[in-house]
Trainee: 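First, the structure itself, so that you have it in front of you.
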Number of protein chains: 2
Amino acid sequence: MPRISAAQRRSDFVNAAIEVIAAYGIDGATTRRIADQAQANLAMLHYCYDSKDDLFADVYEFVAGRYRDVIQDSDPHSTLADTARQLLRGAMEAYLESPSFAATTLELISWARRQHGDRGIAVYDQALESVRAALRGTSAEHPVEPETIDQIAYVIATLADGFAMNWLTYGDRSAATEQMETVVSVLDSWLAARVGSTPAGV
Amino acid sequence: MPRISAAQRRSDFVNAAIEVIAAYGIDGATTRRIADQAQANLAMLHYCYDSKDDLFADVYEFVAGRYRDVIQDSDPHSTLADTARQLLRGAMEAYLESPSFAATTLELISWARRQHGDRGIAVYDQALESVRAALRGTSAEHPVEPETIDQIAYVIATLADGFAMNWLTYGDRSAATEQMETVVSVLDSWLAARVGSTPAGV
DNA sequence: TCTTGACTTAATCAATCGTCCAACTACGTG
DNA sequence: CACGTAGTTGGACGATTGATTAAGTCAAGA
């Protein structure tokens, strides 16, 4: 009803698509449902986007960008262990803040694996690489072996993914909030044993 | 072509369904594709099963049973920490052995969440409860608080799920084999700090 | 006022999808 | 050997639902 610019409408459609993908899965995310969710007309979608694929490309970009934000919010001046903790916590908080974002991410990764197109793996891959970069940025003083960086990034991703699975399955926010602390403590224990650093402020 | 009993054919269809679900997702798992994968005729599927739902119920039961097997393979005479390690390793080895099984499990859980039918969450829930039961079985000597059991089970599930995500995304078996050890070491570190037990034989 | 961009209605066209029927074939049994 | 039954097949039905578009309406700025 309200007349807004096409650019803003596109943003509406992207948000709507994320909700619909989370609720119905990639295959269930039809143009009709997305238009409905955006409270817009079906034809409006094709006025803003040439095709459904075009819209999904934007969705893809949005999700990737969201990860970039989360990762770049970590403090680059902290120690390696602190940065790792911040990255993990940041990811989990993002999942907690928006279950739809979390669910859509898992859905996109799962879909990408099926298509064995490199395009989908890129979400996972880019995020992992950004984590590595953030970790590398902290360890300017003491040289850290690349394998260590890789391992820490892998553990962060593993813990974050596992956290998301449980949180999405049960949808119990208060339980998930507690579980977040458990997961952080798991990372802390391992980091202490692996790189011998004690968490600050604990 | 070969004439076998309907019971065996049903088993073929279940296995075929798992492959197809892993490859095309739940929504992409059509009766035709499943029949194709089973190298059987489409009508054969409806000769063995009244409906697609009937077949999927069997698939569901098969996956749940597979988890039961993995969990019951753990040695009930070990310590709490050892049992925990065995459970985690058992799950990861099952994933590694059959990516299709791993992918189908994730797919089923994801699908279940969307339908918010309790039926689907049951896969996750039953597995988690079995893990708790196995953990409880070991701690007959020293009474362990229920919250501790819950937490350990949660961490095992989280690590196993996270492992599965990465393994399925990249499909790199040799990398996953190494990552399995990393994940186990993460659990070990946390258990040592949490329940103060040193891993045996390390 | 007239053009342009935002928006809508209603249809088109084409895939499938699950299900089922009727016919055909091999096999074990009487 | 005949015959019933279990296994197997090709083909088609009916219905849903998918993305996309043609053509027309409405509001606002030049």
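First the proteins, then the strands, lettered A, B, ... as listed; each starts at 1. Only heavy atoms go into these numbers, but all of them, side chains included; no hydrogens, no water, no symmetry mates.
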Trainee: Can you check the B/Phe56 CZ to C/dC17 P distance for me, whole Å?
Mentor: 12 Å

Trainee: Under 4.0 Å between a Lys/Arg side-chain N and an Asp/Glu carboxylate O for A/Glu181 and A/Arg89?
Mentor: yes

Trainee: Check the phosphate of D/dG7 against B/Tyr47, side-chain N and O only, distance under 4.0 Å to OP1 or OP2. Yes or no?
Mentor: yes

Trainee: Please check if the side chain of B/Arg85 supplies one atom and the backbone of B/Val184 the other of a donor-acceptor pair under 3.5 Å.
Mentor: no

Trainee: Is it the case that more than 12 heavy atoms not belonging to B/Asp50 sit under 6.0 Å from its CG atom?
Mentor: no

Trainee: Who are the side-chain contact (heavy atoms from CB on, under 4.5 Å) partners of A/Asp36, not counting sequence neighbours?
Mentor: none

Trainee: When you measure from every atom of DNA chain D, which of residues 21-30 of chain B have a heavy atom less than 4.0 Å away?
Mentor: none

Trainee: What integer distance in Å separates B/Arg10:CZ from D/dT8:C1'?
Mentor: 17 Å

Trainee: Counting C-beta onward and ignoring hydrogens, is there a side-chain heavy-atom pair between B/Thr182 and A/Trp190 closer than 4.5 Å?
Mentor: yes

Trainee: How many Å lie between CZ on B/Arg33 and C1' on C/dA15, as a whole number?
Mentor: 12 Å

Trainee: Is A/Arg9 close enough to C/dG5 that one of its side-chain N or O atoms is under 4.0 Å from OP1 or OP2 there?
Mentor: no

Trainee: Without decimals, in angstroms, what is the distance between A/Met44 CE and C/dT9 P?
Mentor: 13 Å

Trainee: Does atom OH of B/Tyr170 have more than 12 heavy-atom neighbours, drawn from other residues, nucleotides or ligands, at distances under 6.0 Å?
Mentor: yes

Trainee: Using a 3.5 Å distance criterion without hydrogens, assess whether the side chain of B/Arg33 forms a donor-acceptor pair with backbone atoms of B/Gly28.
Mentor: yes

Trainee: What is the distance, to the nearest angstrom, from the CZ atom on B/Phe13 to the C1' atom on C/dT19?
Mentor: 14 Å

Trainee: Can you check each nucleotide of nucleotides 20-30 of chain D against protein heavy atoms at under 4.0 Å and return B for base, S for sugar-phosphate only, - for none, in 5' to 3' order?
Mentor: BB----BS---

Trainee: Might you point out which heavy atoms bring B/Ala17 and B/Val59 nearest each other, and give the distance in Å?
Mentor: CB-CG2, 3.6 Å

Trainee: In this structure, how many angstroms lie between the C1' atom of C/dG18 and the CG atom of B/Asn41, rounded?
Mentor: 14 Å

Trainee: Please work out if A/Ala40 contacts a base, only the sugar-phosphate, or nothing of the nucleic acid, heavy-atom cut-off 4.0 Å.
Mentor: nothing

Trainee: In terms of ring plane angle, is the pair B/Phe101 and B/Tyr67 parallel, tilted or perpendicular, where the classes change at 30° and 60°?
Mentor: tilted

